[in-house]
Amino acid sequence: MKEGFRQSMAWLHTWSGLLVCWILLLVFTAGTSAYYRDEISLWMKPELHEAAAAKVSSAVAIENAIRTMEKEAGTASRWFISAPSDRNPAVSAGYSLPPAPGEKGRGKFVRQELDPATGAPMAEPRETRGGDFLYRLHFDLHYMPVLWARWLVGFCAMFMLAAIISGVITHKRIFKDFFTFRPKKGQRSWLDAHNAVAVLALPYHLMITYTGLITLMFMYMPAGVQVAYNGDQKTFQSEVFPGAENKTPAGVAAPLAPLGPMIAQAQKHWGGGEIDRITVNNPGDANATVNISRQQGQKLSSLRQAVQFDGVTGAMTSSTGDVPSGAAESRGVLMGLHLAGFADPLLRFLFFICGLAGCAMVATGALLWAVKKRQESAKVLAKGGKVGFGLRLVEGLNLGAIGGLPIAYASYFWANRLLPVGMEKRVEAEISWFFIPLAVVMVIGLVRATRGMWQVVLGVGGAMFMALPVLNVFTTQSHLGVTLLQGKGPWPVVGFDLFALVFGVALLYAVRHLQKKKTALKPVAKARPQPAQSVADGDELVTREAT
């Protein structure tokens with residue numbers, strides 16, 4: 001505080017961002033990709049691409065699925081039917097079989113992808129977590145206990161929030177800096193880039209960080225619930241977030257009422273809207289119940305409306321989500337902002353661009369610190385000294401995270417297409433190929449984080465991404481060329497291929513840019529001598545000695 005409030009905020013901004021930036025980069029990239037997790041999952045299941053090209057209404061698809069479930073899952077204890085959507089064209093159906101005589105615990109769960117046009121089971125898609133793995137990765141981190149992972153992500157998110165707020169306080173000319181970029185100026189260029197991508201989506205950065213903490217608020221701040229409900233989490237959940245009541249089987253056979261009139265009644269109750277999911281508990285039993293939930297649509301809140309029916313008589317027994325409590329609706333809106341389930345294609349794309357800006361903000365911040373320290377250490381090297389361990393560590397982690405993540409994502413997609421479809425533990429093998437190259441690049445970075453190694457790593461990532469559309473051509477008939485020539489096809493798959501191509505070109509352009517530079521780190525050009533000064537506006541993260 002001796003140097004002033006803004007200068008102290010610059011210190012806080014630097015260290016609160018740097019200490020967790022590599023985990024934040026993983027969280028940001030995985031979370032940003034999750035905006036298109038349905039499209040990613042579709043690309044990673046080429047067996048479903050043909051169904052994606054067919055256009056069938058949701059009502060017809062549900063009717064076909066119901067007939068299939070009545071035929072194949074008559075003895076099941078529960079049915080699940082997820083309606084198709086523009087982003088997920090197949091009908092997902094599943095049912096729980098009761099345990100065999102003498103078995104303990106739950107019975108077998110069977111999951112199928114049904115053709116929306118006929119209701120027939122489709123060719124068994126390959127086992128994959130698809131985009132759901134990336135979605136879970138951004139808050140569960142994989143390979144570690146879920147509770148620990150979420151606490152770690154929350155800790156990093158708090159640091160991120162502190163970095164954003166202190167960055168706003170520090171930047172006196174925040175909006176002017178947004179329109180300022182001076183290329184080929186070394187440290188100055190990295191600072192301009194960091195300022196630009198930070199200000200470009202500043203409201204988004206604040207929103208996504210704060211709402212991310214809200215999604216796990218009951219884990220991070222449990223004291224209120226513990227005191228008000230004496231630790232009774234079930235009562236709290238039932239009062240604040242009421243759901244459907246599940247009855248135990250009566251053991252008396254009774255036919256299931258037709259589901260069509262129930263669906264029509266549910267839509268009439270909502271005043272329109274599409275069906276999201278149908279759950280039938282105890283089909284064929286006197287205590288059968290049917291729960292029908294509504295798609296979120298363009299509703300901002302993530303809370304879903306649902307209607308429950310008596311499975312035998314078909315009478316509506318209850319509804320949830322019609323008039324939620326203020327607390328539940330407030331949390332639902334904040335979660336809805338974070339998940340962006342309400343977004344139309346254009347708004348979702350804007351969210352995605354803002355997410356990419358957040359990734360660039362974290363990456364340029366880490367690189368800026370390393371560039372600045374490398375320039376400061378030039379004097380030490382000139383006197384025969386050595387680069388400090390901290391700088392070598394940061395440069396190695398930068399190469400491992402910034403350069404390694406593109407290779408990790410590309411390897412995950414390549415493994416999806418190249419691993420044998422019927423291999424055991426295929427899902428675990430796919431996920432392993434995300435972390436194996438990431439770990440290899442991280443080790444390489446810690447050993448040798450040179451400019452040449454940056455070129456190699458970025459070049460490999462760019463080549464792998466650019467080749468993904470080619471891989472898609474040889475492993476499925478649904479790809480960019482076929483869709484453009486025939487004028488029909490699964491456009492989400494085409495969008496994936498186009499992004500992979502553009503992102504690969506961007507990485508290769510970065511390699512070419514590095515080749516053009518004569519030195520890895522170009523110092524800021526010197527101007528007329530001025531007195532040394534420390535500033536807290538525009539270049540508040542650096543101390544100018546004589547620029």
Side-chain angles (χ1 to χ4, degrees), residues 13 16-40 131-141 149-169 171 174 178 193-221 296 298-303 329-366 401-402 405 409 499:
H13 179 78
S16 60
L18 181 67
L19 293 177
V20 297
C21 65
W22 304 285
I23 296 178
L24 282 174
L25 189 59
L26 174 64
V27 171
F28 251 99
T29 55
T32 299
S33 68
Y35 287 129
Y36 289 100
R37 66 170 169 163
D38 289 338
E39 289 78 3
I40 292 173
D132 291 335
F133 160 68
L134 301 177
Y135 167 70
R136 302 289 301 191
L137 178 66
H138 97 279
F139 60 92
D140 281 352
L141 298 182
R150 295 184 179 184
W151 272 105
L152 178 59
V153 171
F155 178 80
C156 295
M158 286 300 299
F159 268 61
M160 178 72 175
L161 193 61
I164 293 173
I165 295 174
S166 59
V168 172
I169 296 172
H171 285 72
I174 185 170
F178 171 65
H194 182 69
N195 290 340
V197 293
V199 179
L200 172 67
L202 178 60
Y204 171 85
H205 299 326
L206 283 168
M207 179 276 293
I208 206 68
T209 306
Y210 178 71
T211 56
L213 291 167
I214 291 297
T215 60
L216 299 173
M217 59 184 291
F218 297 121
M219 186 182 78
Y220 298 142
M221 303 183 68
Q296 182 178 358
Q298 293 186 324
K299 181 184 176 184
L300 188 59
S301 174
S302 62
L303 295 179
E329 186 70 358
S330 297
R331 179 174 179 269
V333 168
L334 292 174
M335 289 190 66
L337 281 170
H338 190 82
L339 300 173
F342 61 89
D344 58 22
L346 177 58
L347 185 56
R348 182 175 293 107
F349 179 72
L350 292 177
F351 268 65
F352 180 72
I353 294 298
C354 291
L356 292 180
C359 299
M361 175 183 65
V362 175
T364 54
I402 300 171
L405 279 173
Y409 283 96
F499 173 78

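The figures here come from the full heavy-atom set of this structure, side chains too, leaving out hydrogens, waters and symmetry mates.
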S.K.: Is there side-chain contact between Leu206 and Pro203, with at least one heavy-atom pair below 4.5 Å?
M.R.: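 They are not in contact (no side-chain heavy atoms under 4.5 Å apart), so the answer is no.
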S.K.: Ile40 and Leu134: which non-hydrogen atoms are nearest, and at how many Å?
M.R.: CD1-CD1, 4.0 Å
S.K.: Is the closest side-chain heavy-atom distance between Phe139 and Arg150 below 4.5 Å?
M.R.: yes
S.K.: Within a strict 4.5 Å, meaning less than it, do heavy atoms of the Leu202 and Ile164 side chains meet?
M.R.: yes
S.K.: Taking atom CG of Leu213 and atom CG of Leu334, what is their separation to the nearest 0.5 Å?
M.R.: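 The distance works out to 11.0 Å.
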S.K.: Hey, is CE on Met219 packed in by over 12 heavy atoms from elsewhere, all under 6.0 Å?
M.R.: yes
S.K.: Could you pull out the closest heavy-atom pair between Ser16 and Ala162, with the gap in Å?
M.R.: OG-C, 4.1 Å
S.K.: Would you call Phe349 and Tyr35 a side-chain contact if the rule is heavy atoms closer than 4.5 Å?
M.R.: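 They are not in contact (no side-chain heavy atoms under 4.5 Å apart), so the answer is no.
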S.K.: Could you check if a side-chain atom of Ile208 sits within less than 4.5 angstrom of a side-chain atom of Phe351, using non-hydrogen atoms only?
M.R.: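 Contact flag for Ile208/Phe351 side chains = no.
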S.K.: I need the Cys156 SG to Leu19 CG distance, nearest 0.5 Å.
M.R.: 9.5 Å
S.K.: Decide yes or no for Met361 and Met160: does some side-chain heavy atom of the first lie under 4.5 Å from some side-chain heavy atom of the second?
M.R.: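 A side-chain contact under 4.5 Å exists here.
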S.K.: Parallel under 30°, tilted from 30 to 60°, perpendicular over 60°: which one fits the rings of Phe352 and Phe499?
M.R.: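 Plane angle over 60°, so perpendicular.
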S.K.: Minimum heavy-atom separation for Phe342 and Leu347, please, with both atom names.
M.R.: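 That would be CE1-CD2, 3.5 Å.
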S.K.: State, to 0.1 Å, how close Phe218 and Arg331 come at their nearest heavy-atom pair, and which atoms those are.
M.R.: CE1-NE, 3.3 Å
S.K.: Does the side chain of Leu339 reach to within under 4.5 Å of the side chain of Tyr135, using non-hydrogen atoms?
M.R.: yes
S.K.: Nearest 0.5 angstrom please: Leu141 CG to Arg136 CZ, how far?
M.R.: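 Separation between the atoms: 11.5 Å.
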S.K.: To the closest 0.5 Å, what do you measure between CG (Leu337) and OG1 (Thr215)?
M.R.: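 The OG1 atom of Thr215 is 12.0 Å from CG of Leu337, to the nearest 0.5 Å.
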S.K.: Write down the atom of Tyr220, the atom of Val153, and the distance for their closest heavy-atom approach.
M.R.: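 Tyr220 and Val153 have their closest heavy atoms at OH-C, 4.3 Å.
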S.K.: Output a table of donor-acceptor pairs, distance under 3.5 Å, between side-chain atoms of residues 22-29 and any protein atom two or more places apart or on a different chain; print 'none' if there are none.
M.R.:
| residue | atom | partner | partner atom | Å |
| --- | --- | --- | --- | --- |
| Trp22 | NE1 | Asn398 | OD1 | 2.9 |
| Thr29 | OG1 | Leu25 | O | 2.9 |
| Thr29 | OG1 | Leu26 | O | 3.0 |
| Thr29 | OG1 | Tyr409 | OH | 2.8 |

S.K.: Quick one: closest heavy-atom pair of Val197 and His205, and the distance?
M.R.: O-NE2, 3.4 Å
S.K.: Within the supplied structure, the quantity of interest is the number of heavy atoms (other residues, nucleotides, ligands) at a distance under 6.0 Å from Met158 CE; does it exceed 12?
M.R.: no
